[in-house]
Q: 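Dropping a structure here in structure tokens format, bear with me for questions.
These numbers come from a predicted model, not from an experiment. Values reported hereafter were calculated over all heavy atoms of this structure, with side chains retained and with hydrogens, waters and symmetry mates removed.
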Number of protein chains: 2
Amino acid sequence: MATVKDIAAAVGVSVATVSNVLNDRPNVGRANRQKVLRAAKLLGYRPNRSAQAMRTGRTRAIGLVLPDLTNPFFPELAQAVENTARSLGLLVCLIDSQGRADGESDGFALLMQHAVDGVIWCPLGPRLPANLKNLARPVVLIDRPRPGYPVVHSDYKMGGRLLAQYALRMGHTRVGLLSGPPNIESARQRSDCFVNAYPRTIKIAWEVSVGFDGVLTPDAVDALERRRGATLIVAGNDLIAISAMRCLGEHGVSVPGDVSITGFDNIRWTDVVTPRLTTIAQPLGAIGAKAVELVQERMSGERIRSRRTIFDVALIERDSVRRIGQSRPAA
Amino acid sequence: MATVKDIAAAVGVSVATVSNVLNDRPNVGRANRQKVLRAAKLLGYRPNRSAQAMRTGRTRAIGLVLPDLTNPFFPELAQAVENTARSLGLLVCLIDSQGRADGESDGFALLMQHAVDGVIWCPLGPRLPANLKNLARPVVLIDRPRPGYPVVHSDYKMGGRLLAQYALRMGHTRVGLLSGPPNIESARQRSDCFVNAYPRTIKIAWEVSVGFDGVLTPDAVDALERRRGATLIVAGNDLIAISAMRCLGEHGVSVPGDVSITGFDNIRWTDVVTPRLTTIAQPLGAIGAKAVELVQERMSGERIRSRRTIFDVALIERDSVRRIGQSRPAA
DNA sequence: CGCCTGTAGTGTAACGTTTTACTAAGTAGA
DNA sequence: TCTACTTAGTAAAACGTTACACTACAGGCG
């Protein structure tokens, strides 16, 4: 690999001048600038990132800390993050904590050691890992706000309202809630805004919380079996909805014949299960890209502009909700 | 952040001694060794990877180059890679080429610049990116062999045979092949071994190739509509199988009532579609972990032990294949 | 002419680590 | 007592880059 020294020797100029050209600083004449540039190209010069990192303290790498790549919410996000990062010349270092808090903090330790310039993080639990404070780097959160950090996520409140409007439109006034983890704000907002949209019209028959990974607790299974008059089940995300559909199927309950169901996230598989799942679409790609832009801004020392960036969501109407009750005017 | 110099000052010893202790070299006495270790712990010393990298040329980071995280084959792999890498103290730098060759070579360029110590790579096309030769680092391939590189993948031939045995057992003797890309060896082997297992008994009614991402070409759709007497469709992977099931459903063809279908990979969603998909399970986690072990071995300069590591696969029997033809003895 | 300013360029220290070559002191053998 | 060897430890160079402090020279101005 060619170094600045090689270029300097080739052109007959000092390494300082080469460096000045490469970081285009003004104090170098036209002729030399040309020559250095030419030589750099000729020798296939690539700056040694390690050396740059040591000198400047910046690595041009960012960390991406995720709870679980196996949840289809994240791969799309990760892909967007990696691609926009790369288009900015930033390398993405991946940590997948597999849902374990110690994995998360080990991951942060590793990232700190490698001195990434910033991190994009979808936090696992409500508690922040202790070593996060030591990490004197910009952090941008995804999907799950925590006090003191900028965050980008989609408009869960809007999602909840959209779902409530839709439920009403389809004649459902008694619903069961299969919510996500109550300590995750995005999960709570989805439910809360659904509940609060039409508090007098839509009654909540029951609510049980399960993990975002969609594994159903005995409580959840029990709720699905009994249903207590709910005609619509509003699930905290698509994984939960799909698990619920499966569970219902195993108990001989037809969806949407006997009970309707909605999801949240619009992961790829909502379109492929039977019945196809009505859900809320989030612009995952845009969220990932925005998160990269935000860390990048902060890395280059720009002042904090916004603490929250929120993206609109949209209702994706498919086949998992049946219209019930009295007829209504044609569309 | 504490440096070796800080430790040296704290203990009252030279930086060389500190370094010697830390890399446990023999030439330092018991007493000083203890003191240095204690001070390092006390000060929370973490070696600066950038400095180490510059001095030694090793970064303790590896690249992971994937075609498409959105294909559920890869997240599980990536998770396994990241986790075993982390357990070895290695950082994983992610490249997702989104199926584009230029993305792949840009990614390699980025990895080279950051001087990763090795790369785990699932190559996109048959051609290797030109800059791969410059990358004087160990490369371990996943899933797709290329001449000259070690590779770890699962036993596709066995998968093909297993599928053929099963087809026969279920009475299917006329099948349609919805294969993966013909230029990807793993795709070819799946089909070929299926075809060659019982060449006289099982007849191939037709074969069409589609991408591993499961988007169906007009040819594929046409084949699915006509079917030309095939009672079983053997798909190149689960994504293809699921797309095919959807396509068939849209044409009013019942699975497995009118036609049976099998997949390959056993991604999470095979268990959740209707009917549940009969498929071949690959030990993705083990494959990822093994790949990390292999690069790690090569990074530490060990000699090449094996060029191919192959994992057994297993048939996962679910509901997408119907038994047809004459009755057979009970199990 | 002497002074100032601006432009073009250079020497070198520094970043944090590893490693080579070296010294000093102790120990053993003859 | 002298040599030879081992052990414990250190000084300093090196990795590739950046940036500070500096020089040299030209031109402009009073």
Q: Starting at atom NZ of A:Lys5, determine the distance to atom P of C:dG11, rounded to an integer number of angstrom.
A: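 Result: 13 Å.
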Q: Nearest-Å distance, CG (B:Asn20) to P (D:dT7)?
A: 15 Å
Q: Go through the side-chain N and O atoms of A:Ser154 and A:Gln282 and say whether any donor and acceptor fall under 3.5 Å apart.
A: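 Looking only at side-chain atoms, A:Gln282 and A:Ser154 do form a donor-acceptor pair, the distance falling under 3.5 Å.
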Q: Among the nucleotides C:dT17, C:dG9, D:dA8, which one has an atom lying closest to any side-chain atom of B:Asn48?
A: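 Selected nucleotide (nearest to the side chain): C:dT17.
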Q: Counting side-chain heavy atoms from CB outward, which of C:dT10, D:dG9, D:dT17 is closest to B:Val28?
A: D:dG9
Q: Counting side-chain heavy atoms from C-beta on, which of D:dT17, D:dG16, D:dA12 comes nearest to A:Pro47?
A: D:dT17
Q: Just to be sure I understand the rule, does A:Thr17 reach a base, reach only the sugar-phosphate, or reach nothing, if contact means heavy atoms closer than 4.0 Å?
A: base
Q: Take atom CZ in A:Arg268; do more than 12 heavy atoms of anything else shown fall under 6.0 Å from it?
A: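 Yes, enclosed.
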Q: Does A:Asn48 use its side chain to pair, donor to acceptor, with the backbone of A:Ser50 at less than 3.5 Å?
A: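 Judged by distance alone, yes, a pair lies under 3.5 Å.
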Q: Phosphate oxygens OP1/OP2 of D:dA8: is one of them under 4.0 Å from a side-chain N or O of B:Arg30?
A: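 So the side-chain polar atoms of B:Arg30 never come under 4.0 Å of the phosphate oxygens OP1 or OP2 of D:dA8.
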Q: Rounded to whole Å, how long is the line connecting atom CG of A:Leu22 with atom P of D:dG16?
A: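 It is 15 Å, rounded to the nearest whole Å.
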Q: Starting from P on D:dA8, measure out to NZ on B:Lys35 and report it in whole angstrom.
A: 14 Å
Q: Rounded to whole Å, please give me the gap between CG in A:Asp24 and P in C:dG9.
A: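 Rounded to the whole Å, the gap is 15 Å.
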Q: In whole angstrom, give the distance that lies between atom NE2 of A:His114 and atom P of C:dG16.
A: 17 Å
Q: From the set C:dT17, D:dT10, C:dG16, return the single nucleotide nearest to any side-chain atom of B:Val4.
A: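 Closest nucleotide among those given: C:dT17.
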Q: When you measure from the side chain of B:Asn27, which nucleotide among D:dC15, C:dA8, D:dA8 comes out closest?
A: D:dA8
Q: Closest to the B:Ser14 side chain: D:dA11, C:dC15, D:dT17?
A: D:dA11
Q: So A:Thr3, base contact, sugar-phosphate only, or nothing? Heavy-atom distance under 4.0 Å.
A: sugar-phosphate
Q: If you define the side chain from C-beta out and look only at heavy atoms, does anything of B:Pro145 sit under 4.5 Å from B:Arg308?
A: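 Of all side-chain heavy-atom pairs linking B:Arg308 with B:Pro145, at least one is under 4.5 Å.
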Q: Please determine, for the side chain of B:Ala16, which listed nucleotide (C:dT10, D:dA12, C:dG9) has the closest atom?
A: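 The nucleotide sitting nearest to the side chain is D:dA12.
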Q: With respect to the phosphate group of C:dG9, does any side-chain polar atom (N or O) of A:Asn32 fall under 4.0 Å of OP1 or OP2?
A: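 For C:dG9, OP1 or OP2 has a side-chain N or O of A:Asn32 closer than 4.0 Å.
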Q: Atom CE of B:Met54 to atom P of C:dA14: distance rounded to whole Å?
A: 15 Å
Q: CD of B:Gln52 versus P of C:dC15: gap in Å, rounded?
A: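 Result: 17 Å.
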Q: If you look at every strand shown and take non-hydrogen atoms under 4.0 Å, does A:Ser19 touch a base, only sugar-phosphate, or nothing?
A: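 Answer is base: heavy atoms of A:Ser19 come under 4.0 Å of a base.
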Q: Will you find, in the side chains of B:Ser14 and B:Thr17, an N or O donor that is under 3.5 Å from an N or O acceptor?
A: yes
